[in-house]
Structure formats: structure tokens, C-alpha cells
Amino acid sequence: MIFRSLSLTLAILFAGPLLLHAADLKFSFDSKRPVPGSTAVAPDQAFDEKRGFGFVSKAGNARVFGVRLEEGNYHVSLLLGDSARPTSTTVKAENRRLMLEKAETSAGKFEVRTFTVNVRKPAIGTGGNTTLNDREKGPPLSASWDDLLTLEFNGESPGVAALEIKPATDVTTVFIAGDSTVTDQRNEPWAGWGQMLPRFFDRSVAVSNQAESGLALRSFERQKRLDKVLSMLKKGDYLFIQFGHNDQKDKATGAGPFTSYKENLKRYVERTRAKGGVPVLVTPMERRRWEGSSLRPTLSDYAEAVRQVGAEDKVPVIDLNAMSIKLYTALGPDPSMRAFAFYPANTFPGQSEALKDNTHHNTFGAYELARCIVEGIRAQLPELAVHLSKDAGTFDPAKPDAPDQVTFPLSPPSGAVLTPEGS
């Protein structure tokens, strides 16, 4: 059983700075010894529509807990530890969004870790709805656009004793607009850098990654995703913008990096500033294309167009294109496959054919790119950099982490849904 609780320890810890308000939610994961004032949840208590909470899915050590919430930002506090064993817990939210990385406690020791999660729904506050793609619509209890906050408790020896959720109304939100290289990928082995970014912020920042696969600047706006972001954005929030991979496929008359692409970027900047937000441009990372021992650029014109808009409109630019070239070069021609989705057939559930993807990253590659973004934040956005987590560390893309040292527990497949008894 993954979840154990110590009612005396929990009562002491939650009676202090974590004292609940009427709008707060509090759960303990041992129905036999619930914490006073909390709701006891059994390890295999499936989500139930009437209760509005419960476990959504499970696989191996992983358990995904869901709570029905309104749209907004929430502080999530976890009491981690176990009375009899050491624990190592990795926590992901929504669609595998990395929140805590290998939080460890020794036997008999407990600690509270808090992070902030953004929850969103398709409805737009100013009218209408975001147009969702089919892959975003299910299964019913696992999509980023549903009415649940989902939390995946995972790791070598996870130990989550209790959970508290509070509305977070005083935090900064970092919104992200982008494509498949940025998005919260639903299933292993793929991952986007926006999916890894929350792990590097403290509780004063929420990341709302609204990037989606297959989109360019025009289609993101046409599906009312920019409208959705701007309806949620408040003064002082950020919008990180990274496109290019799909814009490059635009064959319309006059389309190109220095024409339509630049015009669209400028409109995003203008609309963000009109709402009091801070636009941040991110140059698109390179694909994995080698000519001997040198990388062959595929997006250099689009990266240059981003830099031009940054200079012309005085917008901060994080040059992920340049950093990705340093990263891949440091890894080398063959080892760089370790940062992308290259796997033999049947490595993951439902994967019947070998993966040889030179565009999309795995969790290691996405993690390294997120570290590049963090360095860009330090250099270009000092006012946001003060909110990076204490253990964010520094990173040189020319000296990447070893792939074997950056590993994460596999998440349950998005279709592994628990069913309530009697349904």
C-alpha cells in the first residue's frame, strides 16, 4: 500500500501554518485513521461523481488522485513521509506536468512540500469556448481541460500521507503558447519543455501550459486559445510564446518567417501588452538533423525572425534555438538520440512499432530544454527569476546532464482509468 498516515503527526503539522479555511480541501490517505477535519481516502477509492474526488488511475507504484475544482490556481501541500520506511516521491499534475522531483524523506521523518497548479476549462470568460482537438477530449478523467485537478503520486517508494488544497489568488501565472515541442504530452515517452517547467518555480508561480500539438501561430489563435489565455491573464502575468515547427509548413501566398510569421508574433505581443501581460518570445528549438559531426539548421530563419521582433518591439527573447544547438552538439550525433523519442517497438504500452522521432523529445530532452528556459529567465527576466525554486540550480547547455542521471517514473497510460464500484 502506497499511502500511510500518522494521525498525531498530521494533526500537529496541519494545525499550524496549514490551518484550513472554509474553501480549502484536506485529505488523508488512511480511512482507518483519518486526520481530524480531513476526509479519509482509501488507497483504491476510485473517483466518484457524487463525491467529487478519488483515484482516477493507477499503474505500478503510481496513483493518480482527482479533485473537482473550479478554474484557477491552487496551492497544493503534501505531507510526505512514512513512519517505517524512507520515501522518494515524484509528483506530476494534470497531463504529466512535473511538480516535485524525487522528494525524499528518511524513515520516520515527514516534511510538507507545497507547489502551485493551474486548472483550466474550455469556456472563455469573455465568451465562447476553446476549440479542442480530439486528443484533448479524453479519456473522461485525465485531460487538462476537464473539471478535475489530477495529481500523480509516483516514484521508487512514494509516501504521501496527506493532501491539502487551497485557492491561490496572489500568485503570478506564466502562460505558455506553443506546439507539440512545448505541450503537456499525455503519454510516455513524449514530453514538452513546458511540461517540465513548473518543477523549477516556487509556490509563488503557477504555470498554465496551453500549448497544443500541431498548432502554429494562426491556428492557435483561430482555435481561440489566445483568447482563452488572455481571458485568464491578469496584469503582471507572463505569456511565453514559442512557435515555428508548424508555421514552417504554411504554404499560403506570402507566408514565411519574415512576413506572416513576424506579423503574427507582433499581434501576440500587442494583444498581451494590451491586457497588462508581459510577452516573452522563445526561439524554436532545432530538430535533430546531423551532417557528419555538425547539426544542419532547419529553423534558423524562424529563430532569426523571433530575434528581430524582440529587437523591434523591445520584447525579452529566450534563444532556445541557440541553446538547443549547444545541447545537441554536446551530446553528439548518436548520443543525442537519448534526448528524443527513439525506442524499440513495444517499449511502451500500445507502441507496436519502433519510434524514430527527430523532432519530439522524451522526458530527458524536455527536462534539459526546460533547464535552458530557466537560464533564459535568469538572463532576460530577473523579476521572474527571483521566483525560481531554491533547488533550480544553474545549467550550461554545452555541459548537459547525463541521460542516465535524469530519469522519471513512468506515468500510467491515459486510458488506465479506475472504475467506481457498482458503476
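Scope of the values below: all heavy atoms of this structure, side chains included, with no hydrogens, waters or symmetry mates.
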Heavy-atom closest pair, residues I318 and M323: CG2-CE, 3.8 Å
Ignoring hydrogens and geometry beyond distance, is a side-chain donor-acceptor pair present between Y261 and D301 at under 3.5 Å? no
Compute whether any side-chain donor of one residue and acceptor of the other, for S144 and N95, lie under 3.5 angstrom apart. yes
Does the side chain to side chain donor-acceptor pair (under 3.5 Å) test come out yes or no for T283 and D319, once each step is laid out? CA-CA 5 Å; T283 60; D319 200 343; 2.8 Å; yes
Does any donor atom in the side chain of N133 or S213 lie under 3.5 Å from an acceptor atom in the other side chain? no
For the CD atom of Q223 and the CD atom of E136, what is their distance to the nearest 0.5 Å? 7.5 Å
side-chain contact (heavy atoms from CB on, under 4.5 Å) between V41 and F65, worked out: CA-CA 10 Å; V41 182; F65 186 70; 3.9 Å; yes
Is the shortest distance from a Lys or Arg side-chain nitrogen in R296 or E291 to a carboxylate oxygen in the other one below 4.0 Å? yes
Atom pairs and distances, donor-acceptor, side-chain atoms in residues 399-409, under 3.5 Å, two or more places apart:
{"from": "D401", "atom 1": "OD1", "to": "R371", "atom 2": "NH1", "distance (Å)": "3.3"}
{"from": "D401", "atom 1": "OD2", "to": "R371", "atom 2": "NH1", "distance (Å)": "3.0"}
{"from": "D404", "atom 1": "OD1", "to": "R338", "atom 2": "NH2", "distance (Å)": "2.5"}

Under 3.5 Å, is there a donor-acceptor pair linking the side chains of E94 and T150? yes
Distance-only polar pair, side chains of S180 and W190, donor-acceptor under 3.5 Å: no
Gap between atom CG of L217 and atom CG of L265 - 0.5 Å precision: 5.0 Å
Which heavy-atom pair separates L69 from L149 by the least distance, and what is that distance? CD1-CB, 3.6 Å
Indicate whether the side chain of H387 and that of S204 have a donor and an acceptor atom separated by less than 3.5 Å. yes
Applying side-chain contact (heavy atoms from CB on, under 4.5 Å), run through Y302 and N321 and close with a yes or a no. CA-CA 9 Å; Y302 287 84; N321 183 271; over 6 Å; no
Which of V76, T114, L78 passes side chain to side chain contact (heavy atoms under 4.5 Å, CB included) with L100? It is L78
Measure the spacing between CG of D184 and CD of Q195 and express it to the nearest 0.5 Å. 4.5 Å
Does a side-chain N-to-carboxylate-O contact under 4.0 Å join R68 and E49? yes
F240 meets the ring-ring contact (aromatic ring centres under 6.0 Å, His included) criterion, sequence neighbours left out, with none
If every non-hydrogen atom of G214 is compared with every non-hydrogen atom of R135, which pair is closest and at what distance? N-NH2, 4.2 Å
Working to the nearest 0.5 angstrom, can you tell me the gap between S88 OG and E101 CD? 9.5 Å
Salt bridge (charged side-chain N to carboxylate O under 4.0 Å, His left out) between D44 and K58: does it pass, once the steps are laid out? CA-CA 9 Å; D44 292 315; K58 65 177 181 178; 3.5 Å; yes
Taking every heavy atom of F220 against every heavy atom of L226, the minimum-distance pair comes out as CE2-N, 3.5 Å
Derivation and outcome, ring pair (Phe, Tyr, Trp, His ring centres under 6.0 Å), residues F340 and Y328: CA-CA 10 Å; F340 289 80; Y328 306 158; 5.3 Å; yes
With a 4.0 Å cut-off, would you call D227 and R271 a salt bridge? yes
Report yes or no: is the cationic atom of R63 (NZ for Lys, CZ for Arg) under 6.0 Å from the centre of the six-membered ring of F29, at an angle within 45° of the ring normal? no
Shortest non-hydrogen contact between R218 and S260, atoms and distance: NH2-CB, 3.5 Å
Please test T298 against R289 for side chain to side chain donor-acceptor pair (under 3.5 Å), starting from the C-alpha separation and ending with a verdict. CA-CA 8 Å; T298 66; R289 297 283 191 274; over 6 Å; no
Under-4.0 Å salt bridge between E263 and K266: no
